[in-house]
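A, B, ... follow the sequence lines: proteins, then strands. Residue 1 opens every chain. None of the values given here were measured: they were computed from a predicted structure.
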Amino acid sequence: MDMEKVYNFKTVEGKWSKYWVENKVFSAKVDKNKKPFTIVIPPANITGSLHMGHALNTTLQDIIIRFKKLQGYNTLWVPGTDHGGIATQNVVEKLLKKKGINKYELGREKFLEKMWQWRNETGDTILSQLKMMGCGLDWDRVAFTMDESRSKAVKKAFIELFNKGLIYRGKRLVNWCTRCGTALSDIEVEYADEKSSLWHIKYPLKDSNEYIVIATTRPETMFGDTTVAVNPDDDRYKKLLGKIVMLPLVNREIKIIADYTIDKTFGTGALKVTPSCDAVDNEIARRNNLEVIDVIDINGKLINGPESYKGLTVKEAREKVVKELEINGHLIKVEDYDHKVGKCYRCSTTIEPLMSEQWFLDVRQMSKKAIEVVDECKTIFHPESWKRPYTLWLENLRDWCISRQLWWGHRIPIYYCVDKQGNKTNCKPIASFEKPTQCLCCKGSNFVQDEDVLDTWFSSALWPISVFGWQEDKHNEELKYFYPTSVLATGHEIIYLWVARMVQFGLEFMKEVPYRDVFIHGIVRDKHGKKMSKSLGNVVDPREIMDNYGTDTLRFALACAGAPGRDIQISQESFLSARNFANKIWNASRFIIMNLEGIENLDDEDITAIELSDKWILAELYKMSLKVKKAYESYNIDTASRTLYDFFWVKYCDWYIELSKIRMMSEDLQAKKQVLKILAHVLKVILQLLSPVMPFITSEIWQILGEKKIIAESEFLNELKENDKCNIEKMKSLQDIIIALRTIRSKMNISPAQQIEALFNVLDESKEKVVKENESYVKQLAKLSSISFAKNIVRPKNSALAVVSGFEIFLPLEGLIDIEKEKTRLLKDLALAKQEIEKSTSKLQNDNFINRAPSSEIEKIKTRLNEANIKLEKVSESLKFLD
RNA sequence: GGGCAGUUAGCUCAGGUGGAAGAGCAUUUCCCUUACAAGGAAGAGGUCGCGGGUUCAAACCCUGCACUGCCCACCA
């Protein structure tokens, strides 16, 4: 077998990603004899190309899917993309704008053609990137939130909800983005700090010289004021309640009323109430039956104010109002004031709250049920700490504004009856899949469809049921088998936008939660903890990492990067160790494979552990395997990855392979076969356990090892239940000796090529046997020419000393030893021993410790004290000779 | 204003149920020893944010506080 010295990921990765797709390795069918394990991918927006967030999200899901497949589940991971509503429309709008095309001039139909063209040309970019990443998705099931079937699901859901009376139309205060020209739901508004001013304005009382001062951040909305509100307990204003004030500049009469929500301590304690521009004010107006006067239109320009203001932008109007108030002496003072201003989550334009006719979804019942199922652990958050934010959000949720004044999206399946002139009649609108033929009220046959489209998250919320064909009429086997899905993996930024809504819709339409587990992972940040963004220029492009270091490297680095639920910081440097790990795997495997050449009949079935090192590595392997599997099961992907790394590098390579070298290269074919069997077995188990994280390199090596089934389709090898802890302890003694001797060699600068002899003075007879039996280990790894065991050995001149594992070891180093260095070393040892004696003694002299600590703990301390005492004695003795 | 996380070696982070502080990177010394220099061996580096408490024993449990980050919220 020809294996390069440095792992060449490029050829390996290309080969396997192609293989998995072409051979439909991850395709799944209903199979009632097998348990399903299902994940639906969070559908990426079609504007997207792979960024670190996707890379993390999909890596974690792929790890879970591949692990479950190895465990024998019928796994299914459904791929797909999202049409992405505003985000996508914005991208195409911008592209057209560059070409000088305006969407309104183009018209709805032509614009949608452009949208579809764009979607068809670039919308699958991210899917091909997921293939490159090796994601074990079922590529026969690619879904798109706006394909025919998913569109049907959206209509079906809308019609059902409408007919239940849960979807209603109403004029309400909504979040309006003047740039996107659409309403947004409450969660689509992001708040940003903005430096502004607080203007204190005099509102004069009618027929009086008195006035009340209000404080506002939005003076330009004053033309929509319908009252001034104060707290009923505010002594300053009690006498003014019910009085009339004259609204400055327009001299309209408005009343001073009391409302308990007014904060006496803020501003002047008096609030100008503009019900059409502010949610709080709107509430006050509702409670007090106040008039609502629109002052800002959907273009962000003033209406209904004085003639000279009409058509001004908010900014222009503000400047003008302030100036006029100042001239008229109404402006008392202007304070600097920082506050949060709502911004569109897609284009960052300042949101104007304004009155608008929209479709709303009544979420009260759905929210209640969505909270219940999480309380009852029908769906479990990992980590659990996300349960509370989820619940709190649902508890305070207001009805969902689901209509958007966009063109790209699912057009609302509502039809209005129109008369011959094309004007809407007063007949009841009809929710329907197709244009109705006859009006139920007036028997008319002319209809127009609602112009609006649905919030993109409406179709996302249906994802776990729509991908399994809930919308299709035929009896649905797939939905029954694969739903509820097993786990949803996502970052915490879309718990509200998406996760909660899927639970609501899943319960509403299926009477069953959409997934058993929700695995919330962190958001990828740069090495300074900043969110990655193009504007900050701190983006680490996963494709670049894949190109430079390989996909397995990217995946491993991400898998290790953080504990569940915590944001992770990642930098170029963090990929180096993963890259090195891949190379280490390659070379260790290459070494085993080289030695396997020409050896036949290596059967996993009859592995016999002959030596201590064999028993030890099998015991460690068993321990590690349990730990890794448990970690995968509980979504502790970082623990699984790190455990594998450590085991492979330290236990397997640094110790077991090193200890096995002699036998591996031995002339004795029996001995050689025996050790290679274990080496190969351990390697295979590691490869299997690691394959979910690093599927490429493990698949390749697995194949080179001669396995017929590919690793992804293999089943976990049985661990040899070698779990005798005794062997781990025995090995520990030997390792301690080896390390002690290596330390001396290193301190004395003895070249690795130079073999030295060692005299082992036995202090603890119980250890003698193990070390004697395995003295070759010590000789080999500490590079000794010979070891002689005896009792009461006299210290040879010019020798170095190690007191370890029940031995006093002398290394005669005539001509090599540096007496001063040895002295320093021993003095340090001595100090440590003294410290230990002090600590242990004081513990053992403490009656409370003796009475209350478990006996095993007391024994441990006694042993420690004993060893320290021996060390102290032997080291001081030795120091005398050095003078 | 609430809620949630975090604070451990120079940097990035691990540390189930409390019993002598760990890794990677960086750093020092030695070594191209026939798998790997993207490597091997050895070392240096930490009063585990601060103050109380519980306990024989606290990085870990309880309680204050400080700082950082995130999310939510109608102080105009």
Review point. If you take atom types as modelled and just measure distance, does the side chain of A/Glu857 reach the base of B/rA20 with a donor-acceptor pair under 3.5 Å?
Key: no
Review point. So which of residues 640-655 of chain A are in contact with RNA chain B, with a heavy-atom cut-off of under 4.0 Å?
Key: A/Arg642, A/Tyr645, A/Trp649, A/Cys653, A/Asp654
Check your understanding: For A/Tyr337 and B/rA76, is the shortest distance between a side-chain N/O and OP1 or OP2 below 4.0 Å?
Key -> yes
Review point. So with a 6.0 Å cut-off around CZ of A/Arg398, is the heavy-atom count from everything else above 12?
Key: no
Review point. Can you find a donor-acceptor N/O pair under 3.5 angstrom joining the side chain of A/Arg742 to the base of B/rA42?
Key: no
Point to revise | Verdict with supporting geometry, A/Asn231 and A/Asp259, side chain to side chain donor-acceptor pair (under 3.5 Å) | key: CA-CA 5 Å; A/Asn231 194 296; A/Asp259 194 281; over 6 Å; no
Check your understanding: Are OP1 or OP2 of B/rC72 and a side-chain N or O of A/Asn396 less than 4.0 angstrom apart?
Key -> no
Practice item. Would you please enumerate the stems RNA chain B participates in, each stem being three or more consecutive Watson-Crick or G-U wobble pairs with both distances under 3.5 Å? Key: B:1-7 with B:66-72, B:10-13 with B:22-25, B:27-31 with B:39-43, B:49-53 with B:61-65
Review point. Under 4.0 Å: is that the gap between some side-chain N or O of A/Ser577 and OP1 or OP2 of B/rA38?
Key: no
Practice item. Using only heavy-atom distances, decide whether a donor-acceptor pair under 3.5 angstrom links the side-chain of A/Lys5 to the base of B/rC36. Key: no
Check your understanding: Using a cut-off of less than 4.0 Å, is there contact between a side-chain N or O of A/Lys340 and OP1 or OP2 of B/rG1?
Key -> no
**Study point:** Pairwise C1' distance, B/rU63 and B/rG45 [rounded to whole Å]
**Key:** 33 Å
Practice item. Using the C1' atoms only, state how far B/rA59 lies from B/rG46, rounded to an integer number of Å. Key: 11 Å
